[in-house]
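In what follows, every heavy atom counts, from backbone to side chain, and hydrogens, waters and symmetry copies are set aside.
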Amino acid sequence: MPLLSILDLAPIVEGSNAGAALANSIALVRHAEQLGYRRFWVAEHHNMDGIASSATAVVIGQLAAATQTIRVGSGGIMLPNHAPLVIAEQFGTLATFFPGRIDLGLGRAPGTDGPTMRALRRHLDRAGEDRFPEDVIELQSYLAPEREGQVVRAVPGQGTEVPIWLLGSSLYSAQLAAYLGLPFAFASHFAPEQLMQALELYRSHYRPSAQHPKPYSMMGINIIVADTDAEANYLFTSLQQRFLGMQRGKRELLPRPVDSMAGLWTAQEQAGVERMLAESLVGSAATVAAGLRATQARTGVEEFIVACAVHDAQARLRSYQLLAELKLGE
């Protein structure tokens with residue numbers, strides 16, 4: 001079966017605050033390391049009340065300092081928001097502190113709204129997703145061994161060769177990852193519709209690179225495991241409410257779970273939420289194990305990166321523990 005990793009947004013939940021959210025992320029990464037998860041990624045989002053991982057490189061440094069062996073990284077850094085040299089220096093510094101443990105996942109979307117995007121990018125002489133391929137290549141050059149005559153260098157960073165991943169929710173990054181010979185992660189935990197098409201495109205057009213002679217694919221998936229299907233579905237209502245809020249243009253704290261979503265959404269809103277959360281496995285250990293086997297057979301991915309947005313921090317720890325304990329090969 002594929003490797004299991006964790007995607008954490010440091011969720012700020014109703015009745016709590018950012019400090020508690022970040023403390024919960026530290027507790028979770030330590031838990032994940034003990035349970036044998038492969039990597040632990042945090043994502044860059046801005047101006048969102050319910051997400052505390054906006055200063056992504058800073059959070060990664062704290063997560064890595066709190067652990068010994070698990071890989072820690074970004075899922076992802078939204079590269080159009082930054083100058084490539086700045087990201088090379090940040091992640092080169094992280095790799096210098098924590099050799100062999102840092103991943104750099106890159107996204108093409110802004111990870112925020114229009115006004116916040118402009119506030120983030122006002123220091124750049126040109127901004128926009130249209131420069132993404134050139135920015136990725138420039139960033140690679142700052143992390144590669146120094147070239148003779150190289151004028152601009154990342155210090156620290158040059159020669160660290162921090163592993164770069166491309167992330168995406170459409171076909172664009174799949175094509176670019178294939179062209180550059182990079183590992184690829186699809187954001188199917190919130191945008192699943194083009195998952196299979198993106199994976200096929202990535203694999204069929206893959207050009208081997210020195211670091212990655214074969215394609216390597218990861219998919220984002222929401223997984224909530226509890227002692228019973230009913231308990232897991234109860235916990236899942238927090239994420240359903242968050243996505244309902246997104247449909248209504250609201251990005252608030254992660255809500256408390258509710259006994260039923262009936263009456264909270266229209267039929268059209270329900271269909272929209274279910275479409276966005278189609279790659280979700282929710283239930284008891286047996287239910288989720290069967291779902292994971294089926295998902296692996298359908299997609300053939302090498303790795304699952306698991307999001308688990310639930311209101312109760314202890315329930316989140318318990319979910320990841322139950323997931324790690326599954327004997328999927330049996």
* To do: Find the distance between CZ (R316) and CD1 (I224) and round it off to the nearest 0.5 Å.
  => 11.0 Å

* To do: Answer yes if the side chains of T287 and S284 hold a donor-acceptor pair under 3.5 Å, and no otherwise.
  => yes

* To do: Please assess V301 against Q296 for the test side chain to side chain contact (heavy atoms under 4.5 Å, CB included), listing each intermediate value before the final yes or no.
  => CA-CA 6 Å; V301 294; Q296 162 59 13; 4.0 Å; yes

* Asked: Rounded to the nearest 0.5 Å, how far does CD1 of I102 lie from CG of L94?
  -> 5.0 Å

* Could you tell me whether a side-chain N or O of S188 sits under 3.5 Å from a main-chain N or O of A191, the two making a donor and an acceptor? => no

* Is there a side-chain contact between Y234 and P257, using heavy atoms and a 4.5 Å cut-off? -> yes

* Asked: Are F243 and L235 joined in one hydrophobic group, where the rule is that I, L, V, M, F, W and Y side chains link up if heavy atoms are under 4.5 Å apart?
  -> yes

* Structure fact -> Heavy atoms of Y320 and L28 approach each other most closely as CD1-CD1, 3.6 Å

* Distance under 6.0 Å and angle within 45° of ring axis: R71 vs F40 -> no

* To do: For S209 and G181, indicate whether the former's side chain and the latter's backbone hold a donor-acceptor pair under 3.5 Å.
  => yes

* Asked: Given L166 and F132, is the side chain to side chain contact (heavy atoms under 4.5 Å, CB included) satisfied, shown in steps?
  -> CA-CA 11 Å; L166 292 193; F132 185 65; 4.2 Å; yes

* Would you mind reporting whether Q211 and E161 have side-chain heavy atoms less than 4.5 Å apart? => yes

* Taking side chain as C-beta onward, heavy atoms only, is L7 less than 4.5 Å from H189? -> yes

* To do: Check the side chains of E44 and H82 for a donor-acceptor pair under 3.5 angstrom, ignoring hydrogens and angles.
  => yes

* **S74 vs W41 side-chain heavy atoms within contact, under 4.5 Å** => no

* **hydrophobic_cluster_shared for Y37 and I305, side chain cutoff 4.5 Å** => no

* Asked: Would one find more than 12 heavy atoms of other residues, nucleotides or ligands at under 6.0 Å from atom CZ of R203?
  -> yes

* Asked: Do L317 and Q314 pass the side chain to side chain contact (heavy atoms under 4.5 Å, CB included) test, and can you show the C-alpha distance, the side-chain angles, and the key distance before you say yes or no?
  -> CA-CA 5 Å; L317 294 174; Q314 292 304 312; 3.9 Å; yes

* To do: Determine, stepwise, if the pair D103 / R39 fulfils salt bridge (Lys or Arg N to Asp or Glu O under 4.0 Å).
  => CA-CA 9 Å; D103 295 326; R39 65 186 92 242; 2.7 Å; yes

* Salt-bridge test for E252 and R242: reply yes if a basic N is under 4.0 Å from a carboxylate O, no otherwise. => no

* To do: Spell out, as yes or no, whether a donor-acceptor pair under 3.5 Å connects the side chain of Q90 to the backbone of I87.
  => no

* Can you measure from NE2 (H45) to OG (S53) and round to the nearest 0.5 angstrom? => 6.0 Å

* Can we say E303 and R38 salt-bridge, meaning some charged N sits less than 4.0 Å from an Asp/Glu carboxylate O? -> no

* Structure fact -> On a heavy-atom basis, the closest approach of V59 and A52 is CG2-O, 4.3 Å

* Walk me through it: do I137 and L180 pass the test side chain to side chain contact (heavy atoms under 4.5 Å, CB included)? => CA-CA 9 Å; I137 292 169; L180 296 177; 4.2 Å; yes

* Would you call M246 and F190 a side-chain contact if the rule is heavy atoms closer than 4.5 Å? -> no

* Asked: If every non-hydrogen atom of G75 is compared with every non-hydrogen atom of A43, which pair is closest and at what distance?
  -> O-CB, 3.3 Å

* What are the two closest heavy atoms between A32 and I6, and how far apart are they? -> CB-CD1, 3.5 Å

* **Between CG on residue L63 and CD on residue E33, distance to nearest 0.5 Å** => 11.0 Å

* Asked: Would K250 and D49 pass as an ion pair if we require N to O under 4.0 Å?
  -> no

* To do: Look at atom OH of Y179 and say whether more than 12 heavy atoms of other residues, nucleotides or ligands are closer to it than 6.0 Å.
  => no

* Taking T93 for the side chain and E89 for the main chain, is one N or O donor matched with an acceptor at less than 3.5 Å? -> yes

* **Linked, directly or transitively: L195 and M218 (ILVMFWY side chains, under 4.5 Å)** => no

* **Inter-residue atom distance L322.CG - D227.CG, 0.5 Å rounding** => 6.0 Å

* **L143 with L85, same ILVMFWY side-chain cluster at under 4.5 Å** => no

* Structure fact -> Closest heavy-atom pair, P80 versus G107, reported as atoms and distance to 0.1 Å, is CD-O, 3.4 Å

* **Heavy-atom closest pair, residues A21 and P11** => CB-O, 3.3 Å

* For the side chain of S173 and the backbone of L167, is there at least one donor-acceptor N/O pair under 3.5 Å apart? -> yes

* To do: For the residue pair Q158 and Q150, confirm or rule out a side-chain donor-acceptor distance under 3.5 Å.
  => yes

* Donor + acceptor pair across side chains of S217, E302 (<3.5 Å) -> yes

* **Side-chain donor or acceptor of H205 paired with backbone N/O of L201 under 3.5 Å** => yes

* To do: Report yes if the side chains of M78 and R108 come closer than 4.5 Å at any heavy-atom pair, otherwise no.
  => no

* Structure fact -> Between the CD1 atom in I223 and the CD1 atom in I221, the distance rounded to the nearest 0.5 Å is 4.5 Å

* Flag yes if L277 and V282 sit in one hydrophobic cluster, no otherwise; membership is Ile, Leu, Val, Met, Phe, Trp, Tyr, and two members link when side-chain heavy atoms are under 4.5 Å apart. => yes

* To do: Taking the side chain as every heavy atom from C-beta outward, state whether I26 and R30 have any atom pair closer than 4.5 Å.
  => yes

* Asked: For V13, does its backbone N or O pair with a side-chain atom of S16 as donor and acceptor, under 3.5 Å?
  -> no

* Keeping the roles fixed (side chain from S238, backbone from V310), state whether a donor-acceptor pair exists under 3.5 Å. => no

* Note, P215 side chain near F184 side chain (heavy atom, < 4.5 Å) -> no

* Between R101 and T67, is any side-chain donor less than 3.5 angstrom from a side-chain acceptor? -> yes

